[in-house]
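Below, read A as the first sequence line, B as the second, and so on, with proteins coming before strands; counting in each chain starts at 1.
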Amino acid sequence: MEFSINQEIWLRLWSIWCAGEEKRVGTRTVFVGHRPVSETDAYVEQKFCDNRIVSSKYTVWNFLPKNLFEQFRRIANFYFLIIFLVQVIVDTPTSPVTSGLPLFFVIIVTAIKQGYEDWLRHRADKEVNKSSVFIVENAKQVKKHSEKIKVGDIVEVKADETFPCDLIFLASSNDDGTCYVTTASLDGESNFKTHYAVRDTTGLRTDNDIDSLTATIECEQPQPDLYKFVGRINVYRSNQEPVARSLGPENLLLKGSTLKNTKTIYGVAVYTGMETKMALNYQGKSQKRSAVEKSINAFLIVYLCILVSKATVCTTLKYIWQNNPFNDEPWYNQKTKKEKETFKILRMFTDFLSFMVLFNFIIPVSMYVTVEMQKFLGSFFIAWDKEMYDEEIKEGALVNTSDLNEELGQVEYVFTDKTGTLTENSMKFIECCIDGHKYKGGISEVDGFSHTDGPLKYYGKAEKCREELFLRALCLCHTVQIKEGDNVDGLIVNQERSTYISSSPDEIALVKGAKKYGFTFLGHEADFMKVQNQKNEIEKYQLLHVLNFDPVRRRMSVIVKTSTGKFLLFCKGADSSIFPRVQQDEIHQTKVHVERNAMDGYRTLCVAFKELTQEDYKKMNEQLSEAKMALQDREEKMARIFDDIETDMHLIGATAVEDRLQEHAAETIEALQTAGMKVWVLTGDKMETAKSTCYASRLFQTNTELLELTTKAMGDSDRKEDRLHELLLEYHKKLVQDFPKNSGKLKRSWTVSQEYGLIIDGSTLSLILNPSQDSSSSNYKSIFLQICLKCTAVLCCRMAPLQKAQIVRMVKNTKGNPITLSIGDGANDVSMILEAHVGIGIKGKEGRQAARNSDYAVPRFKHLRKLLLAHGHLYYVRIAHLVQYFFYKNLCFILPQFLYQFFCGFSQQPLYDAAYLTMYNICFTSLPILAYSLLEQHINIETLTSDPRLYMKISDNAMLQWKPFLYWTFLGAFEGLVFFFGVYFLFQNSSLEDNGKVFGNWTFGTIVFTILVFTVTLKLALDTRFWTWMNHLVIWGSLAFYVFFSFFWGGIIWPFLKQQRMYFVFAHMVTSLSTWLAIVLLIFISLFPEILLVVFKNAKRKNHQTVPFSLPMLLSYKPMENGYISEMKIEDAVTNFTQRCHLRIPQMQQL
Amino acid sequence: MAVNYNAKEEADGHTSGVGVAGGGAAGGAGKSRKPDNTAFKQQRLPAWQPILTAGTVLPAFFIIGLIFIPIGIGIFVTSNNIREYEIDYTGTDSSSPCNKCLNVSWNSTPPCTCTINFTLDQPFETNVFMYYGLSNFYQNHRRYVKSRDDSQLNGDNSSLLNPSKECEPYRTSENKPIAPCGAIANSMFNDTLELFHIDNETRIPITLNKKGIAWWTDKNVKFRNPFGTTNNLTALFQGTTKPVNWPKPVYMLDSEQDNNGFINEDFIVWMRTAALPTFRKLYRLIERKNNLQPTLQAGKYSLDITYNYPVYSFDGRKRMILSTISWMGGKNPFLGIAYITVGSICFFLGVVLLVIHHKYGNRNNSADIPN
């Protein structure tokens, strides 16, 4: 209901404006220190945006108009504004205050909330903008506010400070021109990353030196990718040709990251303010809307129709009735001159509007506020849940958006990452194989480095030199760094105090594994890597190049120069990317091991090496440097060169690293499946590993029939498409066509006789999703989808991040739009987390990116169980009940008013006093439902978590379907009729006091209203299954407040009121015994059907099952699809109860 | 979405509360991020968990049935014991004595009078309340309901001379403000009803008490005559004019000072607008004189009507109602019947459910054994 102009667009517009007319394409030239390159060229001040960070939306002067504008973009608010304006302009039955007051209350509350949030943002901005930085100007350090930094300024940053803007690293206090940086607040990786200064500027270590630098930097226009940067620095020296050096991401210090282990650095600002990579990365996420909200909108339209038809009926009847002149204008009730003069059409129109205004309360203003409040406050319970707190990382769950709480109870498909999500992502080196010989290490500490008498077991032995080569490769081919303890004694690193840090846990496991076999990596020293070999000697290797790992190549290499002057290339990577690049005859023996290891669920890596000749290296070096200098397409050029280099290698061996399953991962998956969710595993890992993980995590059971759509099953590459075609048709026939027709019923049932599991890999998937031009294959996608939907479990391996998102999107857009949930921990899961309806991040070891981009973040996979089964279920029930209740209570509020029109000549006479009309939704009936929607537990949390089948009862938005909606509507209509006609019959004789005095129309309305307030509150009380003291307080408090208010409102002659219609009306009402009797009776009649229904439902359910659970008594609950329930589970659950909360047991067993 | 660039967040940068809830939710944790183990935060508040089961509801049904049925019978009997006598004196029927007055207008002089004779079969033992009833008179029409000025009626002097706009078109007459203004006041019921007991052809007038018919709070607080130095109402209402349809100004409604002007009780009763188009309003009280005689004996009576109030033009009806009153007010069979019905249904359902409950309960037990 919000025609929102995307936040993103605003930001775009802002940044475009900020960057000036010039281009976001092309390059920018930065003059270091604002110094012109040569005397002849006059220095032209360039326009870049300043370093002010503006994350706030409003300023003091534009807050009011802008905020109001944004609020009235909401259709609901706009609607109420229109109603209000109609009331102001047209002569309507209720004063503008009745609808104006709630509206302004809503608007003001929202404005205050948004204002407060913006103030926080202003404060945060100010803190950043006003923080002091040191800028080198004319060889002197000048202290300035961070916001004053201009592009081209030379900034000095000290240790443990964050960089105020994106800087090109010029020089550091370290001799070698390096600095260490942690990007914890950017992507969450807390390891230290080394950044390098350009060789020509490393020497400029003082203010004076740096001031003498004349250089320009050409670089690309700002773009959001954190890991990409292409630029060139031209250093001018007097009387010399300018030197051009390439700049890459390793030269760029990003705003937001922190300088570590380095005293000071100098850098020149290249991107400032809103153009920094950090700011560009914060562009708003697309807003996710929940299914409940769609239901609300649908109901809203129904009620709008009811409203309009009511108004139309009344207007029509009014004019039919008025056809009779003595009805239209009897002698006792003449029209005013103005009324007589207006045209009939106009009069009809204003009458219609008046009726609309009179009945407009049927659309609840306060519902939006209450829903928002419920979501906002309710989300705290997730963050507060100590069961979702992890002792290890000392963090609990995190809620990034509260809009999707109830969506957690609606999930049908769960897409989970494997590594770090299902598994621990804490790698342990298990074994390796060298030239086909298996080496399995013991777990105990290795005390001797000699391989002959260690506790290591060798299954046959490879040649000694191969062994050593392999271990050296493990020691050299990585990007691991050593984080040193506080004091480092000379060159020898104290092993106790140092730890390995790396962005990939596999590498650490490998280095540690090598250590176990006697080769210890001791760290870097300038360009050299030090390795302690089995004989306790220190070997030094000059690190020449690191060909970094990337997910496309799936391998990494290092080129080192040994002390003997040999050039060696070590390469490690996935078997699929290594095998084609090594001598084919070497593959066989290793392949057996790799496959067996993969079957056991280990992560395997192959290690290869290659000796380079001097010439080869020279050539290679040139190519690499050239590519690194390139301004455009550097990535591709590099990749091509890497590809050339990493060929014709020799396979040495393979490693197996174990990634243990997270605790309770299997139980969680089982629970999710029992709850009717389909769990798909999307992983980048290889098929065998993934498959064994799936078996271990019970995604595949032993009786699951596996269907494979993998490169392996596809066979040789020529007939791939045909084979795929055949397989698809075969599976389709098996699953879809031969499947029993009542599959609809079985859709979420858990007693399907035969379970199928599907395995597909990335390349096959791309074949299916992007088929070649051949038209016959274009329907692969739909066939594939049908197969997928029939399978209980699907495993997609070898997935690229984008493919993961593709899969999610594919499922999301199938018929019925199932609610999808993605859970992952790494940067490669971000795309799927953003794509799914609900994205969940694991606060894992692979950085914080997933958690940052998610809607909810939990520490471990097992927490998903409680998050979905308990929190999701409860939130859904709460909000669904809230929505239904809101519509219901406003229907029975307005229906008597509508019926009254039939008895007052369709004159738009309101039944209730204006104060009641206004306060009904704000004060009298709002708090009980809010408390209900925050605290209700219709089923205990323990039961919900332990019996996943309960989750199915709310599947498919069960409580907000048309059937429950109709039920609530009928209930509201019935109650409205009872209220009105009950009091109508009572008023056949309006002398209801024992002194014969009569009551008037306001007493009539007040009696109806009293019954109404009591009935709707008691109805909620009937629905409440979980009465905490807060529920008692608000429910009885609201009723008491109503009584108190009524006395108060009628007890005074209010000087500001035109009419004293309520004066002592309530007090007189309560003195009449008949009224009391009528109120009690009518409340009882109104609630009677509900009570009866609940009893019947209970009896029926009890009859059906022997479950000792207090299942919710809401009609909107789906009947169980079959009565069978696992006795085992119940007993489990009951035992759980006895252990956890003995308090509740008596109630449980009462049934 | 909001963006927090918080410089302090380096260690745990993920907390940057993006927009709505997240920040607050996580931020509240403070130094130790471990959530508090309080009953509220863990959603473990001690709670009463009522369950509506057949076991709890059935006894309730029985009890409610057992309470409601006697109450209903009590109300029904009470209502039936109330004596009520009603005469329609509109005169639409040509045989009616008031037929001649049917087309009377407001200002007809001399006023049309008619007499209706009637017989009470049973004596009215207790105090008798005399009502006039009107039908098809929309006192609850919106235009009508709002056509009054409560501050004028409350004795506010400025409103007296400058009545509210709501009173249009009964606000001013001949450039003078109307007191009391508005349609309600203007259309005040002005028939005069007199009751005679005919005892052996002699007409014995029955004393009709005209005080004590309005709400005490209305008479004493809500309605007040304009405030001034003098007690002379004529002077206080100086500068105003009478409502168009009234024969006399407001300060001449009654001879007694404490029932004159705005605090005239007939006027106050009329000003309390009725809820439905068919209504009755209290007109006079007939108090029981002594304990030996009933207030109204069985016998012949005659009702003298000064017929001023035209209702025929809008198809209305006028009635005179004599009624005694019980603790529950006037005669109203609805409540008693409703109570008896609901009570019976409750009781009946209780029985039915009990039978079902027992039947199923037994079957359940037997079914449990093989399991």
Please find the pair of heavy atoms, one from [X] and one from [Y], that lie closest to each other, and give the distance.
X: B:L45; Y: A:T1028; result: CB-CG2, 3.6 Å
X: A:F326; Y: B:S313; result: CB-O, 3.2 Å
X: A:T1003; Y: B:W215; result: OG1-CH2, 4.0 Å
X: A:N995; Y: B:L282; result: O-CD2, 4.4 Å

Please look at [X] and chain B and tell me whether the side chain, the backbone, both or neither of the residue comes under 4.5 angstrom of a heavy atom of that chain.
X: A:T1024; result: backbone
X: A:L1077; result: both
X: A:I1085; result: side chain
X: A:N1031; result: neither
X: A:R123; result: neither
X: A:Y984; result: both
X: A:K338; result: neither
X: A:M1030; result: side chain
X: A:S1072; result: neither

When heavy-atom pairs shorter than 4.5 Å are enumerated against chain A, which of [options] gives the highest number?
options: B:L285, B:I75, B:I213, B:N127; answer: B:I213
options: B:L276, B:V57, B:L58; answer: B:L276
options: B:T38, B:L353, B:T278, B:N154; answer: B:L353
options: B:Y339, B:Y144, B:Y170; answer: B:Y339
options: B:Y131, B:F279, B:F137; answer: B:F137
options: B:S323, B:P277, B:G329; answer: B:G329

Which answer fits [X], side chain, backbone, both or neither, if we ask what part of it has an atom under 4.5 Å from a heavy atom of chain A?
X: B:L153; result: neither
X: B:N136; result: both
X: B:F40; result: both
X: B:L349; result: side chain
X: B:E166; result: side chain
X: B:I71; result: side chain
X: B:R148; result: both
X: B:A60; result: neither
X: B:W216; result: backbone
X: B:F129; result: side chain
X: B:A274; result: backbone
X: B:I64; result: side chain
X: B:E265; result: neither
X: B:T217; result: both

For residues [X] and [Y], determine if any side-chain heavy atom of one lies less than 4.5 Å from a side-chain heavy atom of the other.
X: A:T336; Y: B:K165; answer: no
X: A:N989; Y: B:F334; answer: no
X: B:R280; Y: A:S990; answer: yes
X: A:K997; Y: B:V269; answer: no
X: B:N37; Y: A:Y389; answer: no
X: B:L335; Y: A:S1074; answer: yes
X: B:V145; Y: A:W1002; answer: yes

* Geometric class of the B:W48/A:H1032 ring pair [parallel <30°, tilted 30-60°, perpendicular >60°] -> parallel
* Asked: In terms of ring plane angle, is the pair A:W331 and B:Y309 parallel, tilted or perpendicular, where the classes change at 30° and 60°?
  ->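 Because their plane-to-plane angle is over 60°, the rings of A:W331 and B:Y309 count as perpendicular.
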Point-to-point distance, once rounded to the nearest 0.5 Å, from [atom1] of [X] to [atom2] of [Y]:
X: B:K41; Y: A:K386; atom1: NZ; atom2: NZ; result: 13.0 Å
X: B:H141; Y: A:N1001; atom1: NE2; atom2: CG; result: 13.0 Å
X: A:S991; Y: B:I321; atom1: OG; atom2: CD1; result: 9.0 Å
X: A:R1061; Y: B:D150; atom1: CZ; atom2: CG; result: 9.5 Å
X: A:D994; Y: B:M328; atom1: CG; atom2: CE; result: 11.5 Å

Would you mind telling me which of [options] has the largest number of heavy-atom pairs within less than 4.5 Å of chain B?
options: A:F1064, A:W1027, A:Y900, A:F906; value: A:W1027
options: A:N333, A:L1057, A:L934; value: A:N333
options: A:G982, A:P1055, A:P910, A:A857; value: A:G982
options: A:L986, A:L1073, A:I1053, A:V1080; value: A:L986

For the backbone of [Y] and the side chain of [X], can you confirm whether one donor and one acceptor N or O come within less than 3.5 Å of each other?
X: B:Q49; Y: A:N940; result: no
X: B:Q43; Y: A:L935; result: no
X: A:Y332; Y: B:Q139; result: no
X: B:W327; Y: A:E993; result: no
X: B:K222; Y: A:Y1063; result: no

* How about B:Y138 and A:S907: does a side-chain donor come under 3.5 Å of a side-chain acceptor? ->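 Per modelled atom types, B:Y138 and A:S907 side chains form no pair under 3.5 Å.
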* Do A:Q334 and B:N186 meet the criterion of a side-chain donor-acceptor pair at a distance under 3.5 Å? ->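 No, no side-chain donor-acceptor pair sits under 3.5 Å.
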* NZ/NE/NH1/NH2 to OD/OE distance under 4.0 Å, A:E387 and B:R44 ->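 Between B:R44 and A:E387 there is a salt bridge, with a charged N closer than 4.0 Å to a carboxylate O.
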* To do: Before accepting this row, confirm whether a basic side-chain N of the pair A:E339/B:R143 lies closer than 4.0 Å to the acidic partner's carboxylate O.
  =>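 Answer for the salt bridge query: yes.
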* Between A:F1088 and B:F61, does the ring centroid distance fall short of 6.0 Å? -> yes
